[in-house]
Amino acid sequence: AKQKKSWTGEPSLIMTDRPLSVCYVSMLCEKGSREDVITAKSPELADDKTGCWLSRRLEECGLPENYKITYFNIAQGDSLPELGNFDCFVLGGTFHDVKRPCDEGRPWQRPLEDWLLAHRRTGKPLLGICGGHQAMAVAVGGEVTRRPGGIAAGSLPVKLKPAA
């Protein structure tokens, strides 16, 4: 895939014959953390640790299999990916606080914020899931507050509709 500017000035992807290069960045499951305990109860635990979760969701949506997903888990010590090596990115969720990076002492939080700001300048697509979109908002000055009902987690179906 390659990028071009759309009529709105925003980048868009043009599909080519080669597979779309997708980068999935996980922030889940620091060993011994409360999220490690919580996700251990999920039937999809192994999928997230191997990156299969995103592939399964894309298959469920009936998307063509013309993509290659590369998986990084920054919470388990992987470096953040090089921005030039992928067509688009998915930033997965986390139970860690994204309100003020580094307040919890997570070594990957400040580098992630810097990476997100650098990513923004590329114009490449980035999907943030749960804590991923919260981290994206915080990186550009947004505010995240606690959910009154406490933490919620799970997979929900999403249907795409034509633009209105």
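Along the sequence shown, residues carry numbers from 1.
Tested against M136 for a side chain to side chain contact (heavy atoms under 4.5 Å, CB included), the candidates L116, L112, L127, L117 yield a single pass: L116.
Under a hydrophobic clustering in which Ile, Leu, Val, Met, Phe, Trp and Tyr are joined whenever their side-chain heavy atoms come within less than 4.5 Å, directly or via other members, V90 and L83 fall into different clusters. The cluster map of Ile, Leu, Val, Met, Phe, Trp and Tyr, joined by side-chain heavy atoms under 4.5 Å apart, puts I74 and W115 in the same cluster. M27 and L80 fall within the same hydrophobic cluster, defined by Ile, Leu, Val, Met, Phe, Trp and Tyr side-chain heavy atoms under 4.5 Å apart, directly or through other members. Two different hydrophobic clusters hold V25 and Y67 under the rule that ILVMFWY side chains link at heavy-atom gaps under 4.5 Å. Neither L91 nor I69 shares a network with the other; the hydrophobic side chains, linked directly or stepwise wherever heavy atoms of I, L, V, M, F, W or Y lie under 4.5 Å apart, form separate groups for each.
Separation of atoms CD (Q76) and CH2 (W108) is listed at 11.5 Å; rounding is to 0.5 Å.
Closest approach of C88 and L20 over heavy atoms only: SG-CD2, 3.9 Å. Across all non-hydrogen atoms, the minimal contact from D87 to P125 is O-CD, 3.6 Å. Contact between F72 and S79 at its shortest, heavy atoms only, is CD2-O, 3.4 Å.
K124 places no side-chain N or O within donor-acceptor distance of the main-chain N or O of F89, the cut-off being under 3.5 Å.
Classified by interplanar angle (parallel below 30°, tilted 30° to 60°, perpendicular above 60°), the ring pair Y71/Y24 is parallel.
Residues N85 and C23 form no side-chain contact, since every pair of their non-hydrogen atoms from C-beta on lies 4.5 Å or further apart.
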